[in-house]
Each structure stands twice: as structure tokens, then as C-alpha cells.
Amino acid sequence: MCGRTACTLDPEEVSRASRYRNRHGQRRQPRWRDGDADKYRPSYNKSPQSFSPVLLSQRHFDKDASVDECVVAAMRWGLIPSWFREDDPRKMQYSTNNCRSESLLDKKSYKDPFLKGQRCVILADGFYEWRRQGKEKQPFFIYFPQSQPDSSLGEEEQWDEIDVEFPPEGKASNIEEEGETDKWTGWRLLTIAGLFDCWKPPGGEEPIYTYTVITVDASPNLQNIHDRMPAVLDGEADVRRWLDFGEVKSSDALKMLQPTNLLTFHPVSSLVNNSRNNSPECLQPVDPQAKKESKPTASSKMMMSWLKDSPSSKRKEPSTCDATTQEQQPKAKEDLKSSGILENWLKSASKKARID
């Protein structure tokens with residue numbers, strides 16, 4: 001299962017870090033759907049009912065758009081079927097936060113949007129999972145490896161920057177123009193396969209877009225933590241194929257939902273157990289036995305570096321609580337802006353604390 005994620009990038013960074021290639025191999029930067037950037041709140045500890053950034057085809061909102069043109073939208077975690085007739089989503093009698101790939105076609109809530117091509121990609125720094133240890137549960141943070149070790153050096157000695165480009169500032173188009181690109185060297189976002197639906201309240205209020213995380217059997221390296229994991233899409237090609245419902249049929253898309261053994265992880269503090277806790281300490285590597293900070297791995301060093309302050313980014317200050325959680329936002333710390341890739345970020349006193 002998947003019950004908690006983290007996504008700490010601000011809206012502009014999410015867009016830059018989500019560049020993709022269309023059918024013709026052109027690299028594009030997705031724009032935010034109108035108004036959705038204001039619904040999203042970066043967080044170290046996202047729980048169901050909060051809003052997360054989701055990548056999907058623009059065709060779902062604009063029938064004249066190309067199917068392989070993507071957009072970033074803020075959607076609420078926990079799918080509300082379009083056919084749900086109650087006036088309050090909280091009256092749903094079952095959870096739709098996760099959807100098992102094996103039974104996806106057996107349940108109307110998931111079968112309908114899947115066959116309609118309503119596939120999406122949930123964007124996150126990573127996700128949390130808990131391993132049962134006797135009467136206690138040890139949380140882990142799981143994410144894409146952020147380093148590419150040099151064969152002549154140890155994994156602890158070197159990492160390569162992530163080569164993700166974005167259009168030059170001031171360009172209105174989201175199409176790459178040769179010679180006018182720059183590199184995104186920040187955190188490589190986890191790309192999780194999901195389904196979404198649009199529910200229209202019977203009272204005529206604004207439609208609500210919601211999503212569910214598709215899960216599969218855990219990969220061999222994660223089975224000692226939990227027996228399930230999100231269906232992760234590895235690389236631009238898989239992301240494009242999953243979202244391109246015009247070219248990739250449902251039967252072929254279903255075959256893409258497989259465990260991946262590419263993820264890395266480290267144990268974290270039990271602070272993350274409470275969804276109200278929203279600070280860098282939620283991601284801090286710890287030694288489960290000593291109950292103290294552990295020696296960081298190459299990938300966790302990357303994360304700590306990514307959390308370092310930099311003058312290049314403009315993170316958004318959350319001013320109100322998420323309407324779906326009704327929890328009061330804590331007073332935010334001084335703004336942290338992106339640079340490099342987990343040591344300096346987690347140690348920086350300027351990193352914001354946020355709660356959805």
C-alpha cells in the first residue's frame with residue numbers, strides 16, 4: 001500500500017522537474033492547469049485527502065489538445081467516482097487511496113476511469129512505508145536513487161547531476177528551442193502510476209478531481225519492508241506511454257504495472273507517523289537500533305544536499321490550511337530554495353515546515 005508521500009518542490013520547480021518527451025521526441029515542460037498551482041502545498045508528510053501534483057494529458061481538459069501534450073494539475077488523494085451520488089465524499093464507505101493492479105478491472109470505481117484513459121502520474125520526492133518490528137513499526141523513506149557511481153570510485157564518493165532541462169525564463173512556449181535550454185539539477189521526482197476521476201457535487205459546486213495510487217507486489221529489495229509498493233514508472237518513455245491513452249491501449253498500459261527493483265530507501269524517525277508533523281526531520285536518516293541519526297548513504301547525501309538553501313528558487317508560503325484536512329498551518333520558517341541535491345537541506349534552519 002501507499003499511505004504517505006513527500007513532495008517539497010514549489011510549483012515552478014515541479015513543472016521544471018517534470019519535463020517529458022512527446023511522441024516525436026521533443027522535450028516539453030508542462031504548465032500548471034489554471035488555478036491549480038494555488039491548491040498545491042509542498043510538504044514533507046503528505047497524507048490522503050491532501051492535494052498533490054499530478055501529470056496527465058491536456059486532452060482531458062481540452063478536447064482540441066494533442067493527447068501527448070501534458071499538464072500538471074493539483075488533485076486530491078483518494079478517488080471519488082464520477083457516479084458517486086452522495087453530497088459529501090466522506091460518506092464513502094470504502095477507501096480509494098490505493099488501487100491494486102490485479103483487481104483494477106474488477107471494481108467499477110477503477111475500471112471506468114481506466115477504460116476511459118484517465119491515467120495519470122503522481123509526482124513525489126518519494127513515499128513512506130512502515131516495517132512491522134514486533135509491536136512497533138519502523139518507517140522508511142523510499143525514492144529513486146539520486147547518484148550514478150563512477151566505476152573507479154566508490155558509491156559514497158561520487159554522484160552525477162540529473163540532466164533535466166527547462167525552457168529559458170520568459171518563454172511563453174513549452175516547446176524546447178535548441179540552444180535556449182538550461183539544466184534542472186535538482187531532485188529526481190518519483191513517478192507513480194495512478195488513475196483519476198472527476199466528481200461533480202450534486203449541489204452544483206465546482207467539480208473535484210481526485211486520484212488513486214496503483215499498487216503492485218513489492219520488488220525483492222522492498223519485500224522486507226512491506227509486501228506492496230506503488231507502481232513506479234521508470235523514465236520518460238514509460239511516463240509518456242502511460243499517459244498517452246490515444247496511442248497506448250488499456251490492455252498494453254495494464255502490462256506496464258510491474259514491480260521495480262530500482263528504488264532505494266533509508267529508515268526515518270517515527271515523527272512521520274503523525275501526519276501533522278511536517279518538517280525536514282521527517283526525511284532525516286536514522287539508526288533504528290540506536291534511535292539516532294545514521295551514517296548517510298550516497299543517495300541520502302544527495303537528498304540532504306538537495307534540501308540546501310539557494311537564491312535561485314521561489315518557494316510559495318502556505319497561508320491557509322488545506323480545505324480537506326481542516327488542520328491549521330504551523331508558522332512557516334524562513335524560505336528554502338533549491339540547489340544541488342539530503343544533508344544540507346535537512347540541516348538548514350531555513351527550510352520551511354508545511355502541513356497540508
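A quick note: this is a predicted structure, and the numbers were derived from the prediction, not measured. FYI, side chains are in, hydrogens and waters are out, and symmetry mates aren't considered; it's all heavy atoms of this structure.
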Begin from the C-alpha positions of D217 and E102 and carry the test side-chain contact (heavy atoms from CB on, under 4.5 Å) through to its verdict. CA-CA 9 Å; D217 288 333; E102 304 90 330; 3.7 Å; yes
Using atom types as modelled and distance alone, determine if a side-chain donor or acceptor of N45 lies under 3.5 Å from a backbone N or O of N277. yes
Is there a chain of hydrophobic side chains (I, L, V, M, F, W, Y, each step under 4.5 Å between heavy atoms) that links V232 to I225? yes
Shortest non-hydrogen separation from V272 to P139 and the atoms involved: CG1-CB, 3.6 Å
Answer yes or no: is there a side-chain heavy-atom contact under 4.5 Å between V14 and L123? yes
Establish, from distance only, whether the side-chain atoms of T215 and R100 form a donor-acceptor pair under 3.5 Å. no
Please examine the side chains of D125 and L190, heavy atoms only from C-beta on, and report whether any two atoms are closer than 4.5 Å. no
Distance alone, cut at 3.5 Å: any donor-acceptor contact between the side chains of N22 and R240? no
When you compare the side chain of F84 with that of T96, does any pair of heavy atoms fall below 4.5 Å? no
Identify the two heavy atoms, one from C70 and one from L55, that lie closest to each other, and give their separation to 0.1 Å. CB-CD1, 3.9 Å
Within a strict 4.5 Å, meaning less than it, do heavy atoms of the R23 and V67 side chains meet? yes
Please evaluate residues K111 and D106 with respect to the criterion salt bridge (Lys or Arg N to Asp or Glu O under 4.0 Å), reporting the C-alpha separation (whole Å), side-chain torsions for both, the decisive distance (0.1 Å), and the verdict. CA-CA 7 Å; K111 179 180 179 180; D106 299 333; over 6 Å; no
Pair S109, Y94: side-chain N/O donor-acceptor within cut-off below 3.5 Å: yes
Show your working on salt bridge (Lys or Arg N to Asp or Glu O under 4.0 Å) between K200 and E206 and close with a plain yes or no. CA-CA 7 Å; K200 298 180 180 179; E206 181 182 357; over 6 Å; no
Once you measure the plane-to-plane angle for Y143 and H266, does it fall in the parallel (<30°), tilted (30-60°) or perpendicular (>60°) bin? perpendicular
Would you say the side chains of S52 and Y211 form a donor-acceptor pair under 3.5 Å? yes
What's the separation between atom OG in S269 and atom CG in L283, rounded to the nearest 0.5 Å? 10.5 Å
Please assess S270 against N273 for the test side-chain contact (heavy atoms from CB on, under 4.5 Å), listing each intermediate value before the final yes or no. CA-CA 5 Å; S270 59; N273 295 356; 3.5 Å; yes
With a 6.0 Å cut-off (strictly less than), is the heavy-atom count around NZ of K249, excluding the residue itself, greater than 12? no
Are a donor atom and an acceptor atom from the side chains of Q29 and S15 found within less than 3.5 Å of each other? yes
With a 4.0 Å cut-off, would you call E236 and R27 a salt bridge? yes
Can you see which heavy atom on L115 is nearest to which on S250, and at what distance? CA-OG, 3.9 Å
Mind running salt bridge (Lys or Arg N to Asp or Glu O under 4.0 Å) on K39 and D36 for me, showing each step along the way? CA-CA 5 Å; K39 297 178 182 178; D36 277 19; 3.6 Å; yes
Could you walk me through whether D234 and T260 pass the side chain to side chain donor-acceptor pair (under 3.5 Å) test, one step at a time? CA-CA 8 Å; D234 180 35; T260 176; 5.4 Å; no
For the backbone of M256 and the side chain of W242, can you confirm whether one donor and one acceptor N or O come within less than 3.5 Å of each other? no
In Å, rounded to the nearest 0.5 Å, how long is the span from CZ of R85 to CH2 of W83? 9.0 Å
Would you call the rings of Y209 and F61 parallel, tilted or perpendicular, taking 30° and 60° as the class edges? perpendicular
Under 6.0 Å between ring centres, would you say that holds for F51 and Y40? no
Between E247 and R241, does any NZ, NE, NH1 or NH2 come within less than 4.0 Å of an OD or OE carboxylate oxygen? no
How would you list, by chain and number, every residue that makes a side chain to side chain contact (heavy atoms under 4.5 Å, CB included) with Q258, sequence neighbours excluded? none
Connected via hydrophobic side-chain network under 4.5 Å: L222 and V216: yes
Answer whether the closest heavy-atom distance between the side chains of S18 and L189 falls below 4.5 Å. yes
Minimum heavy-atom distance V213-C2, with the two atoms named: CG1-CB, 4.2 Å
Drop me the distance from I122's CD1 to M75's CE, to the nearest 0.5 angstrom. 9.5 Å
If the test is side-chain contact (heavy atoms from CB on, under 4.5 Å), which one of H60, R119, R76 qualifies with F196? H60
Nearest heavy-atom neighbours spanning W32 and A73: CZ3-C, 4.0 Å
Counting distance only, does the side-chain N/O of N221 pair as donor-acceptor with the main-chain N or O of L263 below 3.5 Å? yes
Residue N261 excluded, over 12 heavy atoms near CG under 6.0 Å: yes
Is there a donor-acceptor contact under 3.5 Å from the side chain of W199 to the main chain of P207? no
Verdict with supporting geometry, F140 and H226, ring pair (Phe, Tyr, Trp, His ring centres under 6.0 Å): CA-CA 10 Å; F140 288 82; H226 199 276; over 10 Å; no
Take M92 and I80 through the side-chain contact (heavy atoms from CB on, under 4.5 Å) test and state the conclusion after the steps. CA-CA 8 Å; M92 289 185 61; I80 306 173; 4.3 Å; yes
Could you see if V239 belongs to whatever hydrophobic cluster contains V72? Use Ile, Leu, Val, Met, Phe, Trp, Tyr and a side-chain cutoff under 4.5 Å. yes
Quick check: is W77 connected to L195 through a chain of hydrophobic side chains (ILVMFWY, heavy atoms under 4.5 Å apart)? yes
If I take atom OG from residue S219 and atom CE from residue M229, how far apart are they, to the nearest 0.5 angstrom? 4.5 Å
Given F141 and T5, is the side-chain contact (heavy atoms from CB on, under 4.5 Å) satisfied, shown in steps? CA-CA 9 Å; F141 187 61; T5 65; over 6 Å; no
Would W187 and F144 satisfy ring pair (Phe, Tyr, Trp, His ring centres under 6.0 Å), going step by step from the backbone distance to the final call? CA-CA 9 Å; W187 189 255; F144 271 140; 9.7 Å; no
List the atom of F265, the atom of I142, and the distance in Å for their closest heavy-atom pair. CB-CG1, 3.7 Å
R59: partners by side chain to side chain donor-acceptor pair (under 3.5 Å), with sequence neighbours left out: none
Using 0.5 Å steps for rounding, measure from the NZ atom of K46 to the SG atom of C282. 13.0 Å
Ignoring hydrogens and geometry beyond distance, is a side-chain donor-acceptor pair present between R28 and Q26 at under 3.5 Å? yes
Point-to-point distance, once rounded to the nearest 0.5 Å, from CG of D197 to CG of L79: 5.0 Å
Report whether W130 and V268 are members of the same hydrophobic cluster (ILVMFWY, side-chain heavy atoms less than 4.5 Å apart, transitive linking). yes
Does D227 pair with R131 as a salt bridge, N-O distance under 4.0 Å? no
